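Here the structure is laid out as structure tokens; the discussion comes afterwards.
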There are 4 protein chains.
Amino acid sequence: MESSSQRSAAPKHGGRPRDPQIDAAVLEATFAVLEETGYAHLTLEEIARRAETTKPAIYRRWPSRQHLVLAALAARLTAARTPNTGCTLCDLNEGINVFIATFQQIRPDVLGPLLADCAADTTLRGVFMATLFDPPRAAVATMLDRAAARGDIRFDIDCGLILDMLGSLVHYRALFGHAPTTEAEVERAVEALMGGVATDYPALLEHSLRMAGHPEAHAAHT
Amino acid sequence: MESSSQRSAAPKHGGRPRDPQIDAAVLEATFAVLEETGYAHLTLEEIARRAETTKPAIYRRWPSRQHLVLAALAARLTAARTPNTGCTLCDLNEGINVFIATFQQIRPDVLGPLLADCAADTTLRGVFMATLFDPPRAAVATMLDRAAARGDIRFDIDCGLILDMLGSLVHYRALFGHAPTTEAEVERAVEALMGGVATDYPALLEHSLRMAGHPEAHAAHT
Amino acid sequence: MESSSQRSAAPKHGGRPRDPQIDAAVLEATFAVLEETGYAHLTLEEIARRAETTKPAIYRRWPSRQHLVLAALAARLTAARTPNTGCTLCDLNEGINVFIATFQQIRPDVLGPLLADCAADTTLRGVFMATLFDPPRAAVATMLDRAAARGDIRFDIDCGLILDMLGSLVHYRALFGHAPTTEAEVERAVEALMGGVATDYPALLEHSLRMAGHPEAHAAHT
Amino acid sequence: MESSSQRSAAPKHGGRPRDPQIDAAVLEATFAVLEETGYAHLTLEEIARRAETTKPAIYRRWPSRQHLVLAALAARLTAARTPNTGCTLCDLNEGINVFIATFQQIRPDVLGPLLADCAADTTLRGVFMATLFDPPRAAVATMLDRAAARGDIRFDIDCGLILDMLGSLVHYRALFGHAPTTEAEVERAVEALMGGVATDYPALLEHSLRMAGHPEAHAAHT
DNA sequence: TGCTAAGCGAGACGGTACGTCCCGTCTTAAT
DNA sequence: ATTAAGACGGGACGTACCGTCTCGCTTAGCA
């Protein structure tokens, strides 16, 4: 939520206020170092050097390197949008592409170790989930729920599983970094899945093709 | 392939042979430390101490900590089997369960950083792929190819994408460690996917149910 | 001058103060290891182990093993006294015995390598000279100057050469470690030298013998 | 005596003969490395590299690095001469100059550590004494004995002490490396000492001055 | 308005683990 | 039998970086 910090306890009596320029400089430096040297060789001393500040100033703001990295990533991520055009296939395709775009902003060798560090730190894990994991996932979940409400998905299907199968594909590519998942592949993946779980896949497909002729409809979001 | 080392060039004049007990002791110690303290706090000095040897002896065998970890994991993994019962659904279900079992032998906070480190080291990536990634994936790929040859999968479907969608689900669970993927979930995932890509899914399902009455058939592998 | 360190420039902003217990513990451990295993097998790791600290803490205080050894020796050496009884021969004899005593506190196999290392490090050499070499030498030089001022030494004699001839004898024994130079030998060496350079050696000798009856006079120092 | 090795046990049965070129190449390489990098940073691997051979080949010939260094030094030292002109002062002056020349061929930072290592290795010490220490010292001792036999030195004087006082001066300069001891300084040192121990120093001096007019006499040696 | 104390930038600290150099020894193949 | 050659097991090195502590200055709110 907040741009910088985990601290919440209200200071009783004033004291010197925190310099907000340092927050910004540190986040920027962190992102720059991440881009250049990756997560493994990330050094707080280097970050402090670039941000022209000191390690304690950083530790005062974020409880660990992991939290700092997470904050630096979050500060750069574009907010996930939730397309809502009424066309299930269109929404899913675009939604997943946005999902993918989110994670393509992060170097693949950053996500892995960060994720691993979450296993040892419950707090960090919570922040990670709330910051990086849930938002794009929630967007897709919303779209699936809408599709189910519309009756486009069979009643006996567990939407959570579908969600995971789509989400996992994204993470898979982000983590293994094989190659950027193309829009065409996303389309085929959605097709394959929906072919198995839709109540009437041919109808969805036809609807989607009709929509393609009216691209202005794609601007609708929620 | 080999249990210990990267060396392959034929030495001209021999020299003192490597003590194989050290190879074994180091791999064992590495695995033990991984289990106890995880990847992040893995220390070569601790491994050397446990294996009752020294750091140079380790560096002589593996070019980096990552290679060592990979070797230690590989030494413990059970070989992937490729079920071949003629029943597409049965094979896929069992194949994916074996796939999952493979990665459940590895702590989730080990796979992530290891994977991330692969991004920066092409050689390591090659070893990782050849050791951990490809074998179980190849098993599933084989099963999909057989199904396609049998005509169970539509001709216009890219088996590679199906493979990735199944594989990604496994990795997703292994990496994020949400929860162990149950056999029932695997079954539903296969059902959802095959429902979209099979030429005649109901027939496959019926076949599979008939097979369930003859469990001895499941022993057939390739 | 200072017991521990080379730092002199006034720090702008302080920082955490150095733990003086570590200084003491390291010096003590260094001296102990020197006594037990000699200079050649002196190990910073062993010193750190004994002092219950770490190598970086040592390197922060002394720029090299040599400086550390020098500091450890200096911390144990008794200050050189400068006898001043008015009796040239008595003073010289006692002065040189003190000189010798200084270097007998140091293992012969420590001085040699330390000295040798000075050749490659100007700073170290300066510290060595100021710490071990000059003080006892200055004491003898003072005595020779007094003798010359009294007219006990011929005007055409270079006191520096006499000083070196006496000093060299001491170092010679200290370095080669033949045998401890006895007081009788010192006396004969002084006799031989002064016989050649004194204006009136027999008078000096007679004076010295008269003094021998009044040992309380020997307490006079400067 | 022998150019290469300490080994004495005669090989019972033939076997492959030792390559004498390696002996020479190693000694030469050792001397070169000594000159360039000093004793402290002397590395057997570097020597082996330069001599285009291997470490075991070196260890087969010399039992330790110290022995090797000693052999390398000995191979380069010029033999000490013993002047015998009948002129005590002349002989001493020249003898000591030769003494000095011997040690000026050795870097000051080589002698010290080598000497120190002798303390821990009796065999090495013996070789050191027999190779470097005794020969020039014996030359001066011979000259002093001749002088005593001639009656030039007082009967109550311990020639050993005089010898040590002259020798120590040389070592002192060689080890501390203040400055090269000049011939003039040697002359004054001899003058100071002999002034105290000669039976009739003025006569010796006069004799020496007369000899100076007949330089050809200086060619006489024993 | 002045005092006081919390919070700040800054820098050095004690300490862990690193990756490497070099040691002295052992094994193999050739002579 | 003994060599030349090369790799080995291992000890210690000097360094990078960690996370923490102490300092002196700054600033807000209470008196």
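Every chain is numbered from 1, with letters handed out A, B, ... down the list of sequences. Remember, predicted model here, so these are calculated numbers, not experimental data.
- Side-chain to base pairing of A:Arg60 with E:dG9: one donor and one acceptor N or O lie within less than 3.5 Å of each other.
- Rounded to whole Å, atom C1' of E:dG7 lies 14 Å from atom CG of A:Asp23.
- Using a 4.0 Å heavy-atom distance criterion, D:Glu46 is classed as making no nucleic acid contact.
- F:dG6 atom P lies 13 Å from atom CD1 of D:Ile58, rounded to whole Å.
- What separates CH2 of B:Trp62 from P of E:dG19 is a distance of 15 Å, to the nearest Å.
- Considering every non-hydrogen atom in both C:Arg18 and C:Arg60, the closest pair reads NH2-O, 3.1 Å.
- With DNA chain F read from its 5' end, the first of the two nearest nucleotides for B:Ala57 and D:Glu52 is the one closest to D:Glu52.
- Here the C1' atom of nucleotide F:dT3 and the CD atom of D:Gln21 are 15 Å apart, to the nearest Å.
- Taking for each of B:Glu45 and C:Pro17 the nucleotide of DNA chain E with the nearest heavy atom, the 5'-most of the two is the partner of C:Pro17.
- DNA chain F is contacted by both D:Pro56 and A:His41; D:Pro56 maps to the nucleotide lying nearer its 5′ end (nearest heavy atom per residue).
- A:Ser64 and A:Gln66 form a side-chain donor-acceptor contact under 3.5 Å, judged by distance and modelled atom types alone.
- Nearest-nucleotide assignment on DNA chain E puts the 5′-proximal partner with C:Pro20, out of D:Thr43 and C:Pro20.
- For A:Arg16, the side-chain atoms get nearest to E:dG7 when compared with the rest of E:dG7, F:dT15, E:dA12.
- Taking atom CG of D:Leu44 as the reference point, atom P of E:dG24 lies 7 Å away to the nearest angstrom.
- Put simply, the side chain of A:Arg61 does not reach to within 4.5 Å of the side chain of A:Leu68, judged on heavy atoms.
- No donor-acceptor contact under 3.5 Å links the side chain of B:Arg18 to the base of F:dG9.
- Of the side-chain N and O atoms in C:Thr54, none sit less than 4.0 angstrom from OP1 or OP2 of E:dT16.
- Annotation: side chain to side chain donor-acceptor pair (under 3.5 Å) contacts of B:Arg16 (sequence neighbours excluded): none.
- Within 3.5 Å, a donor on the side chain of A:Lys55 pairs with an acceptor on the base of F:dG19, or the reverse.
- Residue C:Ala40 comes nearest to D:Asp117 through the heavy atom pair CB-OD1, 4.2 Å, listed as atom of the first residue, atom of the second, then distance.
- Atom pair B:Arg49:CZ and F:dG9:P shows a separation of 19 Å (rounding to whole Å applied).
- With rounding to whole Å, A:Gln66 atom CD is found 13 Å from F:dG19 atom C1'.
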